[in-house]
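Report on the following structure.
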Amino acid sequence: MSMFCFQCEQTAGGKGCTVNGVCGKKENTANLQDKLTGKLIALSRFVSKKGATEESDALVIDCLFTTITNVSFDDRRIEALEKSVDSYITSKGGSTEGLDMNSLWHSGDEDVRSLKSLLLFGLRGMAAYAHHAAAIGKKSREVNDFFYKGLAAIGADHTVPELLELNMEAGGVNLKCMELLDAANTGAYRVPVPTNVTTNVAPGPFIVVTGHDLHDLAELLDQVKGTGVSVYTHGEMLPCHAYPELKKYPELKGNFGTAWQNQQKEFDGVPGAFLFTTNCLMPVRPSYADRVFTTSVVAYPELVHIPPVNGKKDFSPVIGKAKELGGYAEERKMTGINGGSVLTTGYGHGTVLSVADKVIDAVKKGAIKHFFLVGGCDGAKPGRNYYTEFVQKSPKDTVILTLACGKYRFNDLDLGTIGGLPRIMDMGQCNDAYSAIRVALALADAFKCGVNELPLTLVLSWYEQKAVCILLTLLSLGIKNIYLGPTLPAFVSSNVLKVLVDKWNVTPISTAEADLKNILG
Ligand code: SF4
C-alpha cells in the first residue's frame, strides 16, 4: 500500500484510496499531506505548552485547509507549508516530532481510528470556515484553540468515550466558527436578500469565480470595474449574488454551469477565465489549463497562483486572460441540470426570520405541513439523483430549505410557492447550515417544543470534510433523525455507526419514495 486516504465520500471501493486518489490526488501528494498533518500534531503539542501566536493560528488553519479534498494537488506548496511549521517550532526551541499518520490509518483499534479520523476531518472542515472568516478580519480565540486541542488529542491516547466527547465538543466549536463566518460575511457584505440569478452568459469577456471566498470575489469585482469584463459565480459562489455589497456591482452578471463535479466538461472550450478560491478543484485538463487560476490555499502544478501581497491580491493576470479570450460573441444560453435558467438564492436566516410570522401562521393553518432541509455537498458518484427525486416527489404542502452545492440537483426546478414564499429556499453555502440551525431554533421556540418535535427533517448529502464538521455540529445540538447519503463515510466503524443510530437515529437514505413515506407517514 503506497498511500491511504478515506476522508471523502468517493473513496475507492467505499474503503480507502490506496494507489491513487479517485479525486486525482497522487500517492506522493497524499503522503506529503499526511506528513504535514503529523507535523501539525507536533505544533499543537508545542502550542499547548507555550501558547499560540497569530502565526501559529494562521499556520494551523492553512495547513488543515490545504488537506481538504480537491484543494491542493501541488506538492511544492505542501512541502513549503511543512517547512514553515518546522521552522516555527524549531525557532522557538520546540520538538518537531509529530505523528506518523500510518499509525492512525492502520491502527488495530477500529473505533479509535474511526473517532480520531472523524475529529481530524471535522477540524479540516472547520479550518476552511475559520480561514474565510479571518480573510474578513474575524477571528476567535476559542475556535483557534480547539484546533490545537483536537490535533493534540489525535496524537495522544484516548478512550472511545473520551473521543466521542471530543467530537461533540468539535461540533459545538464549529457552530461558533460558522456563527463567526456568518457575522463576517453579513458584516462586510450585509444581510442576503432573495435574488434571482440567470444561468445565461452575456457576450464579451468574462471570469468565472468558484470556491467559497466572498472576500476574494469582492476584491475581484473592485478590480474589474471599467475593464469591460463580467464576472460569473460557479458552484458554491452562487449565494454571493444575494449579498447587497456584492450584488451592487453591475459586473456580477449571473451563475455559470452547475456543481463542481461537472467542471471538466463545463469548462472545456469556454472563452473565459476561471478563478478557484477554494475547493473543489478537479485535475485540470490541458484543453483549458491556460485559463485556470488559483488563489489562497488552492493549488495545482503549473497553474498561475494569485498570492496576497501586503494583504491585497492583484487579479490583473485573470482579467488579462479574460480579455485575451474575449468571451462569447452572442449571449450563451445555459441551464441547470433540469433545464431551468433562473436560480433563486438569498434565503438565509435574516430573510426567513424576517417573515417568521408568515411561516408560523402557514404552519398553524396547515398550509405548510413539513419542512425538509435537503442539502450538503454534491458529488460525482451515481445515486445522487436521489436528492432530485426527493424534491420532485415532495408533497406541495412542504417546503424545501437547501444549502451548499447539493442544491444543484434541483435548484433550477420551479416548485411554486406556499403563502407567498417559494417552496425551494436556498439558504446559501455549506457554512450557512448556521442559518438553518437559527431558523430551526426559532421555529422550536415559537412552537414551544424541541427541534426534534418540529415538522422538520434533514436529508443531507455529504462529500468532503466540511460536511463532517456540520454533521458534528448537528449531533452536538442533539438533532435527531438525519437522513444521510448517498453512502455512509468509510471512516465510521460499525460500533461508531451503532452509536450514531442508537443515540441520534442517523438513517442512511434508501429511495425517495420510501424515505418520504417513512417521514410523512
Ligand atoms: Fe480518495 Fe477522497 Fe482521499 Fe481523494 S480525498 S484520495 S478520493 S478518499
Side-chain angles (χ1 to χ4, degrees), residues 1-38 40 63-75 77-78 81 100-102 104-107 110 113-128 154 211-212 235-236 259-264 276 278-285 294 297-301 376-384 404-406 430 461-471 484-493 496:
M1 191 178 294
S2 55
M3 64 174 271
F4 185 78
C5 183
F6 63 168
Q7 68 172 346
C8 83
E9 194 268 339
Q10 67 182 3
T11 196
K15 292 196 161 98
C17 296
T18 55
V19 183
N20 277 319
V22 175
C23 61
K25 184 160 80 178
K26 300 271 186 274
E27 169 193 351
N28 198 44
T29 313
N31 290 326
L32 286 172
Q33 290 186 347
D34 277 355
K35 233 171 132 196
L36 179 62
T37 306
L40 286 183
C63 294
L64 282 168
F65 191 2
T66 289
T67 55
I68 287 181
T69 304
N70 297 100
V71 169
S72 182
F73 295 84
D74 191 333
D75 293 357
R77 288 178 64 86
I78 300 167
L81 280 171
D100 176 354
M101 295 306 289
N102 284 311
L104 174 57
W105 308 144
H106 308 298
S107 160
E110 67 163 346
R113 173 176 102 137
S114 177
L115 289 167
K116 286 189 173 181
S117 301
L118 185 64
L119 180 58
L120 174 62
F121 303 152
L123 291 173
R124 287 178 175 173
M126 186 166 84
I154 290 162
H212 302 74
E236 278 274 63
W260 67 270
Q261 72 275 7
N262 300 323
Q263 68 190 251
Q264 289 175 325
F276 276 82
T278 67
N279 56 323
C280 288
L281 171 66
M282 295 175 82
V284 182
R285 293 199 170 149
T294 59
V297 293
V298 195
Y300 195 87
C377 335
D378 208 349
K381 273 179 31 181
R384 286 179 179 263
C405 63
C430 52
S461 52
W462 86 283
Y463 170 67
E464 46 89 327
Q465 298 76 55
K466 283 177 267 176
V468 175
C469 64
I470 291 169
L471 182 65
L484 186 63
T487 56
L488 293 178
F491 51 85
V492 171
S493 68
V496 171

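This structure is a prediction, so every number in the text was calculated from the model and none was measured. When a ligand or atom number is given, it counts from 1 through the structure's own listing order. Numbering starts at 1 and runs along the sequence shown.
- By the criterion of a separation under 2.8 Å, the protein N/O/S atoms near atom 2 (Fe) of ligand 1 amount to C8 SG.
- Residues D74 and Y300 fail the side-chain proximity criterion, which asks for heavy atoms closer than 4.5 Å.
- Considering only heavy atoms from C-beta on, M3 comes within 4.5 Å of C17 through its side chain.
- The aromatic rings of F121 and F491 sit perpendicular, their planes meeting at an angle over 60°, well past the 30° parallel limit.
- Side-chain atoms of Y463 and C280, non-hydrogen and from C-beta on, do get closer than 4.5 Å to each other.
- Side-chain atoms of Q465 and T69 form a donor-acceptor pair, as typed in the model, at a separation below 3.5 Å.
- Side-chain N/O atoms of R384 and Q261 include no donor and acceptor closer than 3.5 Å.
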